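Everything on this sheet refers to the single structure shown next.
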Amino acid sequence: MPELPEVEAVCRAVRRAATGRRIVALHASPRLCAPQTPGAIARAVCGKRLRSVERRGKNILLHLDGISLWMHLRMTGHLFPAGPGLESGGYAARVLLDNGRCLLLEDPRRLAVMRAAPPQKLSAMLGPLGVDPLSLSFTPERLEGLGRASRAAVKNFLMNQRRVAGLGNIYSAEALFRAGINPRTITARLGRRRWGRLHASITSVLAEALESGRRAYRRPGGLAVGETFRCAVYGREGLPCFGCRRRIRRIAQSGRSSYFCPGCQR
DNA sequence: CTGCCCCTGTAA
DNA sequence: TTACAGGGGCAG
């Protein structure tokens, strides 16, 4: 489920619920922990206090005393604070806190990953990540600079985490719709005006998604993050465009679906 | 940079 | 039964 806004909402929720708390136990499925083991991760983090929560792109970093816990939710992972009683179906990991509450990681598809390592090691691992679109260094000039030499379709460019870190299939499509840019456009061929529009679109789409995600996340164990964001093109194949009423089209790009309006996106 | 793969659930 | 799913590592 998660792209940048959802992961950011998760981080805020975890930050509020667990900062300063000590981890007393950790249970996790082996697949989630590979190539480490659940036991090794548990030994590394138990007894440590959560000092801060950091997001880098779609990556979550829980910084403890001298060691950090890295998580990536991939396609279907959910992470949320929960009470002691919640024994919901099939969690992938449960991190018990010293106040009786816990952090629950659920993932029906079991693609999420988790690892414990010193923060420097994790930073090195995440080194190739590109600019975070919520950071101050994300400017129209920076974006244009990153894409000037790319011959990939602009949709694929936006989804490349080494360039811009955090956009996925949904918000790439939504940002391109707002900017009026066809997802198949060769990135390097975008002009200055379009780079400016694309930058503004990314910023506004993420801000709105974050806002709707915050509302959704307020219910403990309830609605998943991001569900209240109303997509203009994603998942709307064949339905009329909210702007020009033409039918939204779906095409495949790099094996993934891209949605766009043939009228509004040239 | 693109294709294939990793998994499991859901819908057509 | 098949296609597809919001991600990313890896091979080619």
Side-chain angles (χ1 to χ4, degrees), chain A residues 1-10 28-36 55-60 70-80 88-93 105-115 122 124-130 133 146-177 183-189 202 205-206 208-210 212-213 216-217 223-239 249-260:
Chain A
M1 165 114 181
E3 292 184 33
L4 187 150
E6 292 78 31
V7 176
E8 175 63 23
V10 161
S29 83
R31 165 169 297 285
L32 177 77
C33 303
Q36 298 179 326
R55 179 190 58 76
R56 291 200 206 174
K58 301 170 199 169
N59 296 270
I60 300 166
W70 165 71
M71 297 180 185
H72 196 300
L73 302 176
R74 296 284 180 91
M75 298 274 264
T76 48
H78 300 252
L79 178 67
F80 53 92
S88 55
Y91 62 86
L105 196 165
E106 292 185 333
D107 183 16
R109 230 166 131 184
R110 307 235 182 282
L111 293 171
V113 284
M114 178 166 84
R115 184 175 304 179
L122 294 174
M125 186 183 76
L126 301 178
L129 276 185
L146 288 166
R148 195 174 287 144
S150 170
R151 273 158 285 110
V154 64
K155 160 81 163 11
N156 291 337
F157 164 78
L158 289 180
M159 289 185 63
N160 184 340
Q161 304 297 299
R162 289 171 176 255
R163 299 281 176 52
V164 180
L167 292 178
N169 211 24
I170 295 179
Y171 298 119
S172 298
E174 294 300 313
L176 287 169
F177 171 77
R184 289 170 297 198
T185 308
I186 300 300
T187 309
R189 299 244 269 262
I202 290 169
V205 160
L206 292 179
E208 283 175 34
L210 192 50
S212 57
Y217 219 78
L223 205 60
V225 183
E227 277 182 17
T228 59
F229 182 83
R230 186 214 210 190
C231 290
V233 290
Y234 180 84
R236 298 194 64 244
E237 180 184 20
L239 297 173
R249 287 194 50 200
R250 175 166 74 100
I251 59 171
Q253 291 185 287
S254 285
R256 318 211 42 195
S257 291
S258 284
Y259 299 85
F260 69 100

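The structure displayed is predicted, hence computed values, not measured ones. Note on naming: letters A, B, ... go to the chains in the order of the sequence lines (proteins, then strands), and numbering restarts at 1 for each one. All heavy atoms count here, side chains included; hydrogens, waters and symmetry mates do not.
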Margin query: Under the rule for ring-ring contact (aromatic ring centres under 6.0 Å, His included), what residues qualify as partners of A:Phe177, not counting sequence neighbours?
Written below: none
Report the distance from atom [atom1] of [X] to atom [atom2] of [N], rounded to the nearest whole Å.
{"X": "A:Leu158", "N": "C:dG6", "atom1": "CG", "atom2": "C1'", "answer": "15 Å"}
{"X": "A:Leu206", "N": "C:dG6", "atom1": "CG", "atom2": "C1'", "answer": "14 Å"}
{"X": "A:Gln253", "N": "C:dA5", "atom1": "CD", "atom2": "P", "answer": "13 Å"}
{"X": "A:Asp107", "N": "B:dC7", "atom1": "CG", "atom2": "P", "answer": "12 Å"}
{"X": "A:Glu6", "N": "C:dA5", "atom1": "CD", "atom2": "C1'", "answer": "15 Å"}
{"X": "A:Lys155", "N": "B:dC1", "atom1": "NZ", "atom2": "C1'", "answer": "14 Å"}
{"X": "A:Glu3", "N": "C:dG6", "atom1": "CD", "atom2": "P", "answer": "8 Å"}
{"X": "A:Tyr234", "N": "C:dA5", "atom1": "OH", "atom2": "P", "answer": "6 Å"}

Which residues pass the salt bridge (Lys or Arg N to Asp or Glu O under 4.0 Å) test with [X], not counting sequence neighbours?
{"X": "A:Glu8", "answer": "A:Arg12, A:Arg55"}
{"X": "A:Arg148", "answer": "A:Glu144"}
{"X": "A:Arg162", "answer": "none"}
{"X": "A:Arg115", "answer": "none"}

Notebook entry, point to check: To the side chain of A:Asn169, which of C:dG6, B:dT2, B:dC7 is closest?
Noted result: C:dG6
Note to self: Of the listed nucleotides (B:dC1, C:dC4, C:dG7), which one gets closest to any side-chain atom of A:Arg250?
What the structure shows: C:dC4
Residues in side-chain hydrogen bond (donor to acceptor under 3.5 Å, both in side chains) contact with [X], at least two apart in sequence or another chain:
{"X": "A:Gln161", "value": "none"}
{"X": "A:Arg184", "value": "A:Asn182"}
{"X": "A:Asn156", "value": "A:Ser254"}
{"X": "A:Thr187", "value": "none"}

Check: How far apart are the closest heavy atoms of A:Ala173 and A:Tyr259, and which atoms are they?
Finding: CB-O, 4.0 Å
Note to self: Give me the atom names and distance for the closest heavy-atom approach of A:Ala209 to A:Phe229.
What the structure shows: CA-CD1, 3.5 Å
Report, one pair per line, the protein and nucleotides 8-12 of chain C atoms (nitrogen or oxygen only) whose separation is under 3.5 Å.
unit_1 : atom_1 : unit_2  : atom_2 : d
C:dG8  : OP1    : A:His72 : NE2    : 2.9
C:dG8  : OP2    : A:Lys58 : NZ     : 3.1

Item checked: Non-hydrogen side-chain atoms of A:Leu32 and A:Asp107 separated by less than 4.5 Å -> no
Note to self: Please give the distance between the C1' atoms of C:dG9 and B:dG9 as a whole number of Å.
What the structure shows: 23 Å
Next item on the list: Whenever both distances are under 3.5 Å in a Watson-Crick or G-U wobble pair, mark it; put DNA chain C into dot-bracket that way, with [ ] for crossing pairs and | when the partner is on another strand.
Entry: |||||.||||||
Notebook entry, point to check: Is the shortest side-chain N/O distance from A:Thr76 to OP1 or OP2 of C:dG7 below 4.0 Å?
Noted result: no
Short N/O separations, protein against nucleotides 8-12 of chain B, under 3.5 angstrom:
none

